[in-house]
Amino acid sequence: MGTVIMHNAVSVDGFIADENDGVGPLHDWYFNGETPIAEGGDQQYDHSGVGSGFKLSRASAEYVRPIWEAIGAIVMGRTLFDLVNGWEGRPPAGDHVIVVSHRPKPEGWHPEASYHFVDDVTAAIDKAQELAGERIVSVNAGDVGSQILAAGLVDEVAMDVVPVVFGSGKRYFGGIDGQHLLEGPHVVTQGDGVLHLRFKVRRWPRPRRGALGSRCRRTPSPAPVRR
C-alpha cells in the first residue's frame, strides 16, 4: 500500500482557513515564482483559480512536483468538495477522489469522474489505498484529516507553513484530542514565502502482555508523617 500523507498549507499558528473558509495569503506561494508545477497538464480546468496556472519558486516546484506526480488518490471532506465543486471532476493530482460525507454524490454530477462518497474515515482510507495501489494517498488536513490521524491511519504529516498569523479559523489538526507524536522533520525545504515540512508519524510498538507489568504498577505513596 502507498503512503498516507496528511497535507495542507497552514499559518504559523496552525490554521488552514479563516472562519469563513477564506485562505488569505496561504496559497500566495503558488503564484510567486516562474516555475510551473508541471508542463502542459490538464487545460480543461483551471485549478489555480486565476487563469494563469501555478507558478512557484524553483525550490517549491522541485518539492511539490514529485509529490503531485506520485499521488494516486485524494481524501477530502464534504466542505472542501462543496467549496470547489470537486474541481469539476478533475483533481489537481491523482486519478481518484474519496469524499467523506454522510450525503451522497450529487445526482448527475460528473458521472465520468472517479469520485467515491463514503461516510466513514476508515472506509475512506481503505478505498483510497485500493484505488491508489502503491501510489500516495493524500489526505486534506482539517476535521476529516484529524479523524484519520486519530484513527492511526496517517503515515506522514506534510505542512506548507506560510508566515501569517490567523488568530482563529479552521485548524490544521481539526478538533483532535490527545498527543500524537511525530518524528523530527525528514524533509525541510525553504521556498519563497513558505517552508515545506514533512514529518513521519511515530509508531509505538504494542508491548507484550505483562512485559511492563511490574514496572507500570504505581508504587503506593508512603503514609504521611505526622508532626
Side-chain angles (χ1 to χ4, degrees), residues 1-24 26 67 71 73-84 97-103 116-130 132 136-188 194-213 215-219:
M1 294 295 182
T3 302
V4 178
I5 302 179
M6 180 177 172
H7 168 257
N8 226 91
V10 58
S11 67
V12 294
D13 56 341
F15 294 97
I16 59 175
D18 63 23
E19 298 288 359
N20 298 313
D21 293 307
V23 297
L26 291 182
I67 297 176
I71 290 173
I74 293 173
V75 178
M76 67 193 305
R78 186 59 183 252
T79 298
L80 179 57
F81 174 85
D82 289 341
L83 283 171
V84 301
V97 175
I98 293 79
V99 182
V100 181
S101 174
H102 294 297
R103 291 178 286 143
H116 308 266
F117 286 62
V118 300
D119 62 2
D120 175 79
V121 294
T122 301
I125 294 300
D126 287 345
K127 186 65 175 179
Q129 291 189 315
E130 173 193 336
I136 288 173
V137 172
S138 177
V139 174
N140 286 109
D143 287 335
V144 166
S146 69
Q147 293 174 47
I148 295 171
L149 176 64
L153 301 175
V154 171
D155 299 309
E156 294 186 20
V157 169
M159 309 176 83
D160 301 320
V161 183
V162 176
V164 59
V165 174
F166 271 32
S168 64
K170 307 296 179 65
R171 295 186 178 277
Y172 183 100
F173 291 105
I176 199 166
D177 290 327
Q179 291 186 351
H180 295 266
L181 296 178
L182 310 176
E183 303 288 352
H186 62 284
V187 176
V188 179
V194 63
L195 179 65
H196 306 289
L197 302 172
R198 286 176 65 179
F199 308 83
K200 292 182 179 179
V201 177
R202 187 177 299 181
R203 306 293 191 193
W204 289 107
R206 185 184 297 275
R208 290 179 291 109
R209 186 171 183 177
L212 301 177
R215 287 184 288 173
C216 289
R217 295 193 187 100
R218 289 186 61 185
T219 303

What residues, two or more places apart in sequence or in another chain, satisfy salt bridge (charged side-chain N to carboxylate O under 4.0 Å, His left out) together with Lys127? Glu130

Would you sort out whether Gln129 and Val4 count as a side chain to side chain contact (heavy atoms under 4.5 Å, CB included), showing the intermediate values? CA-CA 8 Å; Gln129 291 189 315; Val4 178; 3.5 Å; yes

With sequence neighbours excluded, what pairs up with Asp160 under the side-chain hydrogen bond (donor to acceptor under 3.5 Å, both in side chains) test? His7, His196

Heavy-atom pair of closest approach, residues Ile74 and Asn140: CG2-OD1, 3.6 Å

Considering all heavy atoms of both residues, which atom of Leu153 and which atom of Val121 are nearest to each other, and what is their separation? CD1-O, 4.4 Å

For Asp120, enumerate each residue passing the side-chain contact (heavy atoms from CB on, under 4.5 Å) test, keeping only those at least two apart in sequence or located in another chain. Thr122, Ala123

For Ala141, enumerate each residue passing the side-chain contact (heavy atoms from CB on, under 4.5 Å) test, keeping only those at least two apart in sequence or located in another chain. Met6, Asn8, Tyr172

Set of residues satisfying ring-ring contact (aromatic ring centres under 6.0 Å, His included) with respect to Phe117, sequence neighbours excluded: Phe81

Applying side-chain hydrogen bond (donor to acceptor under 3.5 Å, both in side chains) to Ser146 and not counting sequence neighbours gives none

Search all heavy atoms of Val12 against all heavy atoms of Pro163 and return the closest pair with its distance. CG1-CA, 4.0 Å

How long is the span from the CD1 atom in Ile176 to the CD atom in Gln147, to the nearest 0.5 Å? 9.5 Å

Walk me through it: do Ile125 and Val139 pass the test side chain to side chain contact (heavy atoms under 4.5 Å, CB included)? CA-CA 9 Å; Ile125 294 300; Val139 174; 4.0 Å; yes

List in chain and number order the residues that pass side-chain hydrogen bond (donor to acceptor under 3.5 Å, both in side chains) with Lys170, two or more places apart in sequence or in another chain; answer none if no residue qualifies. Asp21

Between Ile5 and Ala158, what is the shortest heavy-atom contact and its length? CG2-CB, 3.8 Å

Locate the shortest heavy-atom distance separating Gly167 from Asp13; write the atom from each residue and the value. N-OD2, 2.7 Å

In terms of heavy-atom contacts, Val100 and Ala124 come closest through CG2-CB, 3.6 Å

As an exercise, state the distance from CZ of Phe199 to NE2 of His180, rounded to the nearest 0.5 Å. 15.5 Å

Applied to residues 137-155, the salt bridge (Lys or Arg N to Asp or Glu O under 4.0 Å) test, sequence neighbours excluded, yields Asp155-Arg203

Are side-chain heavy atoms of Phe166 and Leu26 found at a separation under 4.5 Å? yes

CG (Leu83) and CE (Met76) are apart, to the nearest 0.5 Å, by 8.5 Å

Pairing residues for His186 by the side-chain contact (heavy atoms from CB on, under 4.5 Å) criterion, not counting sequence neighbours: Glu156, Arg198, Lys200

Just to verify, what does Arg171 make a side-chain hydrogen bond (donor to acceptor under 3.5 Å, both in side chains) with, not counting sequence neighbours? none

